[in-house]
Amino acid sequence: MSDAHEVQTLNDSSIAIDFAGIHFKNPFMLSSAPPSMSPRLVIRAARLGWGGAVLKTVTENPTVDPRTRLGALRKDGRLIGMNNIELLSRETVDTWVRSYIPQMRKESPEGFVLIASIMSSPDPDSWTTLAETVTSAEVDAIELNVSCPHGSPEKHMGAFIGQNPDLVESVTRAAKKGTDLPILVKLTPNVTDVVSIAQAAKKGGADGVSAINTVESLIGIDVEAATPLPAAYPTAPGTTFSTYGGFCGPAVRPIGLRVVSQIARADPDLQISGIGGIEDWHSAAEYIMVGAQTLQVCTAVMWHGFGIIKDMTAGLAEFLARKGYEDLQSMVGLALPKLTSWEALDKLPPVIAKITDACTGCKKCVIACADGGYLAIQMRDGKAVVNPEKCDGCGLCSVVCDDNAVEFVYSS
Ligand SMILES: Cc1cc2nc3c(=O)[nH]c(=O)nc-3n(C[C@H](O)[C@H](O)[C@H](O)COP(=O)(O)O)c2cc1C
């Protein structure tokens with residue numbers, strides 16, 4: 001792709017969108033995380049074409065983090081998820097307000113959206129004060145972090161607040177008191193009923209919600225050493241310890257999509273910034289189609305760098321053009337009318353699997369159907385063939401097929 005084409009795509013106005021009263025040249029933001037923790041990083045992202053950044057969360061007391069604090073989930077060597085036991089910014093609110101944010105504003109291209117992220121205790125006054133303080137820097141909005149699942153809840157912060165609708169409403173109202181800027185409330189998926197939390201945020205005056213923060217997790221155990229991961233090293237050599245952390249990356253996308261769609265279905269007017277496993281234009285389009293207007297990315301940037309923005313913006317703009325959608329807003333929530341209750345689904349329609357010419361004869365579907373299904377697939381002349389009498393249409397063969405060689409047809 002030529003440089004000229006890249007610039008043209010990054011400026012493509014078809015993927016601009018208005019969200020919570022703010023104009024975004026494209027919907028892609030850095031989420032509050034390491035890629036937005038310093039002016040060097042944010043300015044680099046801004047110049048590469050990101051639409052905005054939610055800055056690393058600030059609180060009254062700067063954080064001291066364990067080393068190490070990141071853990072990986074791999075399948076056959078491929079990274080599919082990550083967890084972290086990192087907390088918040090190591091810099092003071094004063095440093096952000098007097099130095100970091102002004103520098104980011106000055107050195108970022110015009111139109112780049114800067115959103116401060118704040119966290120405090122359930123004391124409403126502390127949210128009012130923090131909101132007032134960050135408003136004095138030139139940010140466009142404020143995100144309330146009531147969703148960090150590790151470390152913070154031990155101090156009655158983060159997800160301790162975000163799991164309680166009354167506290168969410170109270171701190172949102174308090175932050176609103178300290179600012180005229182739009183307020184987003186970042187939600188935790190670690191609740192039974194996320195819709196009630198989103199509605200509490202709205203009741204407290206939120207202009208939108210961001211979902212999801214990380215999913216509480218234990219990423220794994222080093223079984224040789226009988227030690228949980230990630231390993232936090234002690235100051236002097238000795239036993240490593242660990243704690244529960246926040247899971248993120250592609251593996252959490254189904255949870256993020258579920259949360260965003262539930263909130264959007266319950267309140268189609270609520271502005272939503274989608275987060276969780278967004279890694280390319282396709283996963284971005286998925287979030288938009290279930291109700292997100294903007295998108296936030298952390299893990300994909302940490303794994304692949306800020307440069308992914310080029311393919312994400314170009315891919316999304318090309319998808320819009322190919323589908324004939326007028327603009328991004330017209331794509332928002334398009335898949336929602338097709339989400340219904342389980343009870344409303346037709347049961348036992350006469351569809352069965354059919355293996356297409358794309359079959360490479362790997363036998364994965366044969367084994368799966370034999371031991372996890374209905375013994376409905378056999379090999380014939382090096383290809384898998386479905387027995388229509390036995391097939392139950394469950395879909396397991398298409399789940400295990402790496403070659404996209406299964407379609408579903410109505411049986412005669
Ligand atoms: C190392 C690390 C640090 C994070 N720090 C913050 C933070 O300070 N504030 C916050 O709201 N979210 C924080 N997050 C959560 C991310 O912003 C994001 O919600 C989450 O990772 C899901 O998005 P992803 O799948 O694109 O990573 C952090 C995530 C990671 C991996």
Side-chain angles (χ1 to χ4, degrees), residues 28-38 41-42 45 50 52-59 61-63 65-73 79-91 93 96 115-120 130 134 141-153 157-159 161-162 184-190 209-217 219 230 232 245-257 259-260 272-280 283-284 286-287 292 294-306 308-309 312:
F28 295 103
M29 286 190 273
L30 306 178
S31 73
S32 177
S36 65
M37 71 181 166
S38 73
L41 292 160
V42 170
W50 288 79
V54 184
L55 307 174
K56 178 79 182 163
T57 303
V58 291
T59 187
N61 301 307
T63 295
D65 277 314
R67 299 176 182 179
T68 64
R69 53 184 173 275
L70 299 172
L73 186 67
L79 264 175
I80 55 172
M82 178 165 82
N83 101 327
N84 82 91
I85 52 171
E86 170 170 313
L87 280 196
L88 314 168
S89 176
R90 306 220 186 121
E91 302 300 335
V93 181
W96 279 91
I115 301 179
S117 165
I118 59 175
M119 180 194 280
S120 195
L130 260 182
V134 295
I142 302 174
E143 188 176 84
L144 312 186
N145 180 346
V146 291
S147 41
C148 177
H150 51 271
S152 308
M157 295 161 82
I161 295 177
L184 307 176
V185 177
K186 185 167 178 180
L187 304 178
T188 174
N190 306 305
V209 295
S210 309
I212 55 174
N213 206 320
T214 50
V215 182
E216 192 175 21
S217 62
I219 196 77
F247 192 44
C248 53
V252 307
R253 193 159 62 235
I255 300 170
L257 288 171
V259 166
V260 168
I272 308 173
S273 191
I275 322 172
I278 296 170
E279 55 183 344
D280 51 20
S283 42
E286 290 183 288
Y287 269 92
T294 58
L295 310 155
Q296 298 184 30
V297 184
C298 163
T299 301
V301 168
M302 291 181 76
W303 290 355
H304 309 297
F306 292 129
I308 59 171
I309 188 64
M312 290 202 299

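FYI, side chains are in, hydrogens and waters are out, and symmetry mates aren't considered; it's all heavy atoms of this structure. Remember, predicted model here, so these are calculated numbers, not experimental data. For the single chain, residues carry numbers from 1 onward in sequence order. First listed ligand is number 1; within each ligand, the first listed atom is number 1.
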Nearest non-hydrogen atom to [atom] belongs to which of [options]?
atom                    : options                        : value
atom 31 (C) of ligand 1 : Ile278, Val301, Asn84, Val297  : Asn84
atom 9 (N) of ligand 1  : Leu55, Leu144, Thr57           : Thr57
atom 19 (O) of ligand 1 : Lys186, His150, Gln296, Arg253 : Lys186

Show which atoms of ligand 1 fall inside a sub-4.0 Å distance from at least one heavy-atom site of [X].
X      : result
Ile275 : 18 (C), 19 (O), 22 (C), 23 (O)
Thr299 : 24 (P), 25 (O), 26 (O), 27 (O)
Lys56  : 3 (C), 4 (C), 5 (N), 6 (C), 7 (C), 8 (O)
Ser31  : 16 (C), 17 (O), 18 (C)
Ala33  : 4 (C), 5 (N), 28 (C)

Evaluate Val252 against Thr214 for side chain to side chain contact (heavy atoms under 4.5 Å, CB included), listing each step before the verdict.
CA-CA 8 Å; Val252 307; Thr214 50; over 6 Å; no

Closest non-hydrogen protein atom to [atom], residue and atom name please, with distance?
atom                    : answer
atom 25 (O) of ligand 1 : Gly277 N, 2.7 Å
atom 14 (N) of ligand 1 : Ser32 O, 3.2 Å
atom 26 (O) of ligand 1 : Cys298 N, 3.0 Å
atom 21 (O) of ligand 1 : Cys248 CB, 3.3 Å
atom 3 (C) of ligand 1  : Pro34 CD, 3.4 Å
atom 20 (C) of ligand 1 : Thr214 CG2, 3.7 Å

Interatomic distance, Leu144 atom CG to Ile118 atom CD1 [nearest 0.5 angstrom]:
5.5 Å

Point-to-point distance, once rounded to the nearest 0.5 Å, from OG1 of Thr188 to CG of Asn213:
6.5 Å

Would you say [X] contacts ligand 1, with heavy atoms under 4.0 Å as the rule?
X      : answer
Asn83  : no
Gly276 : yes
Gly249 : yes
Leu70  : yes

Counting only heavy atoms, which portion of [X] has something under 4.0 Å from ligand 1: side chain, backbone, both, or neither?
X      : result
Asn213 : both
Arg69  : neither
Asn145 : side chain

Out of Ser117, Ser147, Ser273, which residue meets the side-chain contact (heavy atoms from CB on, under 4.5 Å) rule with Lys186?
Ser147

Partner residues of Ser120 under the side chain to side chain donor-acceptor pair (under 3.5 Å) criterion, sequence neighbours left out:
Glu60, Ser126

Taking only residues two or more places apart in sequence, or in another chain, which ones meet Glu86 in a side chain to side chain donor-acceptor pair (under 3.5 Å)?
Lys56, Arg69

Side-chain donor/acceptor of Asp65 to backbone N/O of Leu87, under 3.5 Å
yes

Contact check, side chains of Leu88 and Met119, non-hydrogen atoms, under 4.5 Å
yes

Using side-chain heavy atoms (C-beta onward) and a distance below 4.5 Å, is Thr294 in contact with Phe28?
no

Looking only at distances, please establish whether an N/O atom of ligand 1 is found under 3.5 Å from an N/O atom of Ile212.
yes

